[in-house]
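Model, not experiment: these values are computed from the prediction. Only heavy atoms go into these numbers, but all of them, side chains included; no hydrogens, no water, no symmetry mates.
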Amino acid sequence: MDKNIAAMDVNDAAADRRDAATRHRHDGLSGAEAARRLAADGPNALPDRTRRGWRIILGEAAREPMFLLLLGAALLYLPLGEPRESIFLLLMVVLMVGLALFQEGRTERALQALRDLSAPTATVVRDGRRERVPAPDIVRGDIVVLTEGDRVPADAVVVETSGMLADESLLTGESVPVGKRAGAPDTPPVQPGGADLPWVFAGTLVVQGDALVQVVATGEHSELGRIGAALGAIRPPSGRLQRETHILARRLAMLGLTVSLLLVLLLGWRSGDWLQALLAGVALSMSVMPAEFPVILTVFPAIGAWRLARNRVLTRRLAAIEVLGSTSILCVDKTGTLTENRMALRRLWHAGAGHDVTAGVALAPALRELLEAAVRASRPHSADPIEEALRQALAAQPGRPAPDPPADMVREYGLMAHRPAMIRIWSDGRTSFAAAKGSPETIAAMCPDGERAPVLAAAADMARAGLRVLAVAEACGIAPPWPDDPAALPYRLLGLVGLADPLRADIPDAVAECRGAGVRVLMVTGDHPETARAIARQAGLADGATVTGPEIACLDEDGLAARLDGVSVCARIVPGQKLAIVRALQRRGAVVAMTGDGVNDAPALRAADVGVAMGRRGTDVAREAAELTLLDDRFPSLVLALRAGRRIFSNMRKSMRYVAAAHVPITVLALLPPLLGWPVLLYPPHIVFLELVIDPACSLAFENEPEEPGLMRRPPRPRDESVLDRRALLAALLRGLWAALLLAACYGWALVRLPAEQAGATAFAALILCNLGLLLHQRQGGIGAALRTANPVFAAIGLGALALLAAALWWPAVADLFRFAPPPASWLGLSLLTAVVMLLGLEATRGAGARR
């Protein structure tokens, strides 16, 4: 039977007529009516309990221990007859709350931008046309198009369906998918979970088939909305860094409160002035309180994720930011990630001979029959790039033979994990035939034994040239009933089709950057091993071994973990094996990032340390299972996320070390003078002044710090490495202690030669300068490199701190408030010298550490 293009054109035209009839029956709502219903019913969304308005942020800030201590100090100044100090502290409370609102507001705006980017979308029919709209804009009466991998956006009645299965375990707890049938729009509502029902429910997943559904309930009125309160109360677990840092902050806070209480008792017993003793104790508590740690852990990941989103990488879970810097293996798909996902037919093989396909040159009849059979084994309106390339190649053939009687597709056997092939049965009413295309191994196994060896050898030759190879077969003269297993049909091998999917131009540089960073790139693909190896060579992947899906199927977990050592290509992988690969790599201690786009990829994405979904071709299921979504599907974007993760972690570490070091001299100067009988140097107003320097420095200056040179030439950090481990914390405390010793000496020397007010001003000026010195030292590469590296926020904080210091020394109203008197210029030189000596000592230790 000569199955030519004309027959397929007739069949496609019939399909187009059916689509037109469907559109006529289901034109959907008009845009104006949809807008009216949206305004009346509200958005199709549950209340967002994660979104925090300014009142919530203000309430959280007001409950922080630092602000409570400030309020207590302000109230203590009133019975001391010092209303000016009380008013100043209250103003500082307002200022610090305003700063907290600014920082938290910036974080919340970044998070809201991420929410807007990650909001689900759906395809609806409006004004007779299909269009993609945000899921919150869906209204009652909308006609929604659902396909495999979609999340159902609202409760709806199925109007038309083609083999649709839905996973409703979110609502029922039962993981077995249930089938759906078409029903009338006025079908009474039912409970989720039943098979062969015409209802679909918001939040459930389409795992197979497609359907048209009409929305009947949205938002809080949906089945999911009825249990939305319980879902909204669920909070994702905090990341490891947050847990460790919160524990450290609580321990330091308890230590500070204990020492402060002892100081109050000592001073009150010694002097009898319990109010002054209480003020000194409050100042000491404020100096020890690490209020900046939560700010760092909130601001850095949120702003970093917002920056990534601007570069087309969406971070769905902020905890993934801390994992990116320790990722050691990137498992990536080939098609669409390393390649352009832009297929074109390049070569045909038939009867032992290969033939290049040239645009505008007609194919021989046997080759044309091969191509027509490949198209018959494809869905007519599929978005699959391979099937699209086959259709375009056939449509571009010059000349049209006489049409055969039209045939209709009567049975389809879709792609299965154990059978990577598509078989479609066609009938013209009198005779029937099957067209099959798929992996050469699968198709050859369904054909007579004598045809297998030549086709497999030819497929390997074409794959070594980097072509994506499919075998094509047909079975003629068949009749119903159709078998459950299509392999039972009498196939005849027609030949091979080879398609080219060129490597993206920027892949070799991105892979080389990963190798320089000590990150192993592992290609995981369903393609022929030779095709995968050819693309791997072009991409510059390490010249490692290749493992195939059939080999993996024969290995246990330990065997697979050992087998993957030194492997750079995993070929002929079915989606379910991705999960086994991830777990095997993790058993060897690797931190794994895995890319995926299909429904079956979701378990591997969830199991990976960082799951990465594709934004363009990925399904909703894959995107929701992943931590990252590449909005442009490009591998270099994943490398950019890896780089950003390292930069964010590095800057968080600098910020935490700076905070730990900066609190030491403040604490020592708050504690030591009362113990030695010197005049108290730091009261709550002084601590507030210092916090105005530390808070913006830790959260704004370091977050804005550029990437360190050589950041991507370092090996991945260990997964269990803390942002502030014991060694780093000890080093930070020693730096702060060095500064504290110099400052104590400066204050003691000044007290010998100057009045208390001038000595206090000298020591306080030295403390501010030392604080800026610690900030400068913690920046990258030493003093010289830090001064050469532009960071406008750091410069602004430094100038602001110096301006405030000048006001505290020479503006009489502020100087009286701080109990200062302007010191002689030579003693300000001592303040500067103290900071310089501190900085030189720290730089000397940096140099010694670098030499070691």
Contact check, side chains of L314 and L628, non-hydrogen atoms, under 4.5 Å: no
Once rounded to the nearest 0.5 Å, what's the spacing between atom OG of S439 and atom CZ of R419? 11.0 Å
Could you give the side-chain donor-acceptor pairs of residues 606-615 under 3.5 Å, partners two or more places apart or in another chain?
{"residue": "D609", "atom": "OD1", "partner": "R719", "partner atom": "NH1", "Å": "2.6"}
{"residue": "D609", "atom": "OD2", "partner": "Q586", "partner atom": "NE2", "Å": "3.1"}
{"residue": "D609", "atom": "OD2", "partner": "V592", "partner atom": "N", "Å": "2.8"}

Can you tell me if S328 uses its side chain to pair, donor with acceptor, with the backbone of V591 under 3.5 Å? yes
Using a 4.5 Å cut-off on heavy atoms from C-beta on, say whether the side chain of L348 contacts that of L496. no
Going by an N to O cut-off under 4.0 Å, is there a salt bridge joining R572 and E441? yes
Shortest non-hydrogen contact between L503 and E340, atoms and distance: O-OE2, 4.0 Å
Would you check if T595 and L638 make a side-chain contact, meaning some heavy-atom pair closer than 4.5 Å? yes
Rounded to the nearest 0.5 Å, the CD1 atom of I425 sits from the CH2 atom of W482 at a distance of 5.0 Å
Main chain of D428, side chain of S432: is a donor-acceptor contact present, judged purely on distance under 3.5 Å? no
Sorted by chain and number, sequence neighbours left out, side-chain contact (heavy atoms from CB on, under 4.5 Å) with L640 holds for N311
Step-by-step side chain to side chain contact (heavy atoms under 4.5 Å, CB included) determination, D210 to V145: CA-CA 8 Å; D210 49 62; V145 182; over 6 Å; no
R492 with E369: basic N within carboxylate O range, under 4.0 Å: yes
Only counting residues at least two apart or in another chain, list the ones meeting salt bridge (charged side-chain N to carboxylate O under 4.0 Å, His left out) with D484. none
Should W426 and V410 count as side-chain neighbours, where that means a heavy-atom distance under 4.5 Å? no
Regarding E557 and R583, does a basic nitrogen lie under 4.0 Å from an acidic carboxylate oxygen? no
Quick check: does any side chain N or O of D601 sit under 3.5 Å from a backbone N or O of D597, one acting as donor and the other as acceptor? yes
Are any non-hydrogen side-chain atoms of P502 and R342 less than 4.5 angstrom apart? yes
After noting the C-alpha distance and the side-chain angles of T327 and L642, does the key distance pass the side chain to side chain contact (heavy atoms under 4.5 Å, CB included) rule? CA-CA 8 Å; T327 300; L642 182 71; 3.9 Å; yes
Closest contact, heavy atoms only, L605 versus G596: CD2-N, 3.7 Å
Would you call E387-R379 a salt bridge at under 4.0 Å N-O? no
Listed once per pair and sorted, the side-chain hydrogen bond (donor to acceptor under 3.5 Å, both in side chains) pairs that draw on residues 351-365, sequence neighbours left out: R347-D356
For a side chain to side chain contact (heavy atoms under 4.5 Å, CB included) check, start with the C-alpha distance between D408 and S427, then their side-chain angles and the critical distance, and finish with the verdict. CA-CA 5 Å; D408 292 323; S427 176; 6.0 Å; no
side-chain hydrogen bond (donor to acceptor under 3.5 Å, both in side chains) contacts in which one or both residues fall within residues 496-511, not counting sequence neighbours: T339-D501, D506-R634
Considering only distance and modelled atom types, tabulate donor-acceptor pairs under 3.5 Å from the side chains of residues 517-528, sequence neighbours left out.
{"residue": "R520", "atom": "NE", "partner": "V567", "partner atom": "O", "Å": "3.3"}
{"residue": "R520", "atom": "NH2", "partner": "L564", "partner atom": "O", "Å": "2.5"}
{"residue": "R520", "atom": "NH2", "partner": "V567", "partner atom": "O", "Å": "2.8"}
{"residue": "T525", "atom": "OG1", "partner": "D527", "partner atom": "N", "Å": "3.1"}
{"residue": "D527", "atom": "OD1", "partner": "R468", "partner atom": "NE", "Å": "2.6"}
{"residue": "D527", "atom": "OD1", "partner": "R468", "partner atom": "NH1", "Å": "3.0"}
{"residue": "D527", "atom": "OD1", "partner": "R468", "partner atom": "NH2", "Å": "3.4"}
{"residue": "D527", "atom": "OD2", "partner": "K334", "partner atom": "NZ", "Å": "2.7"}
{"residue": "H528", "atom": "ND1", "partner": "E530", "partner atom": "N", "Å": "3.0"}

Can you find a pair of side-chain heavy atoms, one from L165 and one from K180, that are under 4.5 Å apart? no
Close side-chain approach of D333 to L338, heavy-atom, < 4.5 Å: no
Of all heavy-atom pairs linking L345 and A393, the shortest is CD2-CB, 3.7 Å
What are the two closest heavy atoms between W349 and M462, and how far apart are they? CB-SD, 4.1 Å
Are V152 and L205 packed together at the side-chain level, in the sense that at least one heavy-atom pair is separated by less than 4.5 angstrom? no
Heavy atoms of T546 and A571 approach each other most closely as CG2-CB, 4.4 Å
